[in-house]
Student: 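Take a look at this one; I'll ask things after.
Computation of the quantities below employed the complete heavy-atom set of this structure, encompassing side-chain atoms and omitting hydrogens, waters and symmetry-equivalent molecules. Here the structure is a predicted model, which is why all the values come from computation and not from measurement.
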Amino acid sequence: MNIEEFFQLSAGKWFSHRTSQHLAFNKSEDSKSDIIIETLALDDPKVSKLCQQYQINPSSAFCAAEITWNSTMEKDQPKHSGSTVLVSVTDADNPDEGKLLREVIDADKTPVPGHYKFDSDGTLILTIEDETMSLEERLWFASPNLRMRVNILKSFGGFSIASFTSEIRMGGFPPAAKASEAANSVSS
């Protein structure tokens with residue numbers, strides 16, 4: 001599997017259930033989300049804008065997606081909703097890895113690209129690190145309609161959060177030819 005196949009297989013509407021463990025406070029938290037993932041054409045203005053934000057030539061972009069979410073946390077906390085754009089820039093020497101650009105909303109933050117690579121079993125491993133934190137996230141498909149995520153967020157200020165997320169496809173399956181190709185690479 002490559003990053004473009006991963007984005008294509010991820011396209012659609014998903015129901016997400018996340019359980020997070022705040023290690024420093026010995027407390028857990030559940031959240032549920034509706035997530036919509038749409039692939040974007042490389043000539044979409046959002047792709048160009050994001051590449052410019054990272055000072056990367058837009059012609060280097062390999063594939064892109066927009067993710068929109070609407071989340072509810074437990075214990076009557078307010079709903080969280082938003083969206084972000086992701087753009088992959090594949091490493092010229094190794095097509096199984098590269099940079100993952102993510103839209104940064106906070107104008108005071110310097111954009112830091114993530115690094116992605118694929119494990120031999122098709123698991124996407126994403127790492128992001130800046131001066132305040134490090135994040136490692138693993139994403140994989142148990143089947144074309146079931147996606148799993150595990151991540152560990154470490155703050156250099158001393159706290160860590162570990163979470164497990166299961167995502168079930170609710171609709172918007174990619175075109176049949178692409179889905180069957182992606183499903184074959186998930187099962188192999």
Side-chain angles (χ1 to χ4, degrees), residues 1-3 5-39 65-86 88 96-105 112-130 132-174 179 182-183 185-188:
M1 183 175 302
N2 66 31
I3 193 70
E5 293 166 337
F6 193 89
F7 276 23
Q8 288 172 349
L9 190 56
S10 297
K13 182 177 181 183
W14 298 84
F15 170 76
S16 172
H17 181 222
R18 176 184 292 220
T19 301
S20 299
Q21 181 69 35
H22 299 265
L23 302 175
F25 305 112
N26 196 24
K27 157 183 143 175
S28 65
E29 179 176 72
D30 287 327
S31 64
K32 296 176 182 164
S33 303
D34 289 323
I35 300 171
I36 297 173
I37 301 173
E38 298 176 280
T39 57
E66 183 170 27
I67 302 171
T68 306
W69 65 88
N70 188 5
S71 303
T72 26
M73 308 288 279
E74 63 180 18
K75 300 178 185 166
D76 300 323
Q77 293 182 1
K79 288 186 175 191
H80 298 278
S81 59
S83 68
T84 192
V85 173
L86 300 175
S88 73
D96 289 336
E97 48 185 281
K99 293 179 185 175
L100 192 63
L101 313 180
R102 181 178 54 101
E103 191 173 23
V104 176
I105 307 300
V112 176
H115 177 265
Y116 75 85
K117 67 180 181 178
F118 282 92
D119 231 346
S120 60
D121 65 358
T123 299
L124 173 66
I125 302 167
L126 174 62
T127 54
I128 301 173
E129 194 167 307
D130 67 17
T132 62
M133 64 87 192
S134 74
L135 169 75
E136 179 176 298
E137 185 165 31
R138 295 173 168 267
L139 300 96
W140 70 97
F141 288 90
S143 73
N145 293 321
L146 178 61
R147 192 168 87 157
M148 310 289 203
R149 291 192 289 156
V150 173
N151 66 42
I152 298 176
L153 173 66
K154 295 178 183 176
S155 166
F156 298 133
F159 70 87
S160 296
I161 300 171
S163 64
F164 171 78
T165 307
S166 61
E167 297 170 335
I168 300 168
R169 185 186 307 277
M170 303 302 288
F173 200 74
S185 40
V186 166
S187 60
S188 41

Student: With side chain to side chain contact (heavy atoms under 4.5 Å, CB included) as the test, would you mind laying out the steps for I128 and M133 before giving the verdict?
Tutor: CA-CA 8 Å; I128 301 173; M133 64 87 192; 3.8 Å; yes

Student: For the side chain to side chain contact (heavy atoms under 4.5 Å, CB included) test, which of H17, R149, M148, Q21 pairs with F164?
Tutor: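 Option passing the side chain to side chain contact (heavy atoms under 4.5 Å, CB included) with F164: M148.
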
Student: Would you sort out whether N145 and S143 count as a side chain to side chain donor-acceptor pair (under 3.5 Å), showing the intermediate values?
Tutor: CA-CA 5 Å; N145 293 321; S143 73; 5.7 Å; no

Student: If we check side chain to side chain contact (heavy atoms under 4.5 Å, CB included) with V85, which of these qualifies: E38, E66, R102?
Tutor: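 Result: among E38, E66, R102, E66 is the only option passing the side chain to side chain contact (heavy atoms under 4.5 Å, CB included) with V85.
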
Student: Does any N or O in the side chain of R169 come within less than 3.5 Å of the main-chain N or O of A11, such that one atom is a donor and the other an acceptor?
Tutor: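 At least one qualifying donor-acceptor pair exists.
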
Student: Ring-plane angle category for Y116 and F118, please: parallel below 30°, perpendicular beyond 60°, tilted otherwise.
Tutor: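 Taking F118 first and then Y116, their aromatic rings stand perpendicular (interplane angle over 60°).
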
Student: Show your reasoning for whether side chain to side chain contact (heavy atoms under 4.5 Å, CB included) applies to I36 and N70.
Tutor: CA-CA 9 Å; I36 297 173; N70 188 5; over 6 Å; no

Student: Classify the side-chain pair S33/S71 by whether it contains a donor and acceptor separated by less than 3.5 Å.
Tutor: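 Short answer, yes.
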
Student: For W140 and T123, which heavy atoms make the closest approach, and how far apart are they?
Tutor: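 Shortest heavy-atom contact: CB-OG1, 3.7 Å.
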
Student: Quick one: closest heavy-atom pair of S163 and N151, and the distance?
Tutor: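 Heavy atoms of S163 and N151 come nearest at OG-OD1, 2.7 Å.
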
Student: Counting neighbours of CE on M170 that are heavy atoms of other residues, nucleotides or ligands and sit closer than 6.0 Å, is the number greater than 12?
Tutor: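 Incorrect, the count does not exceed 12.
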
Student: Check whether any side-chain N or O of D119 sits under 3.5 Å from a backbone N or O of D121 as a donor-acceptor pair, and report yes or no.
Tutor: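 Absent.
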
Student: So which heavy atom on E5 is nearest to which on M1, and how close?
Tutor: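 Smallest heavy-atom distance, with atoms named: OE1-CA, 3.0 Å.
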
Student: Does some side-chain heavy atom of L146 sit less than 4.5 Å from a side-chain heavy atom of F141?
Tutor: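 No, their side chains stay 4.5 Å or more apart.
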
Student: Evaluate the side-chain proximity of I37 to E167: yes if any heavy-atom separation is below 4.5 Å, no if none is.
Tutor: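 A side-chain contact under 4.5 Å is absent here.
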
Student: Stepwise, does the side chain to side chain contact (heavy atoms under 4.5 Å, CB included) test hold for R147 with L139?
Tutor: CA-CA 7 Å; R147 192 168 87 157; L139 300 96; 4.1 Å; yes

Student: May I ask you to decide if L126's main-chain N or O and E137's side chain share a donor-acceptor pair within less than 3.5 Å?
Tutor: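 Side chain of E137 to backbone of L126: no pair is present.
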
Student: Does K117 form a side chain to side chain contact (heavy atoms under 4.5 Å, CB included) with D96? I'd like the steps, not just the answer.
Tutor: CA-CA 6 Å; K117 67 180 181 178; D96 289 336; 5.9 Å; no

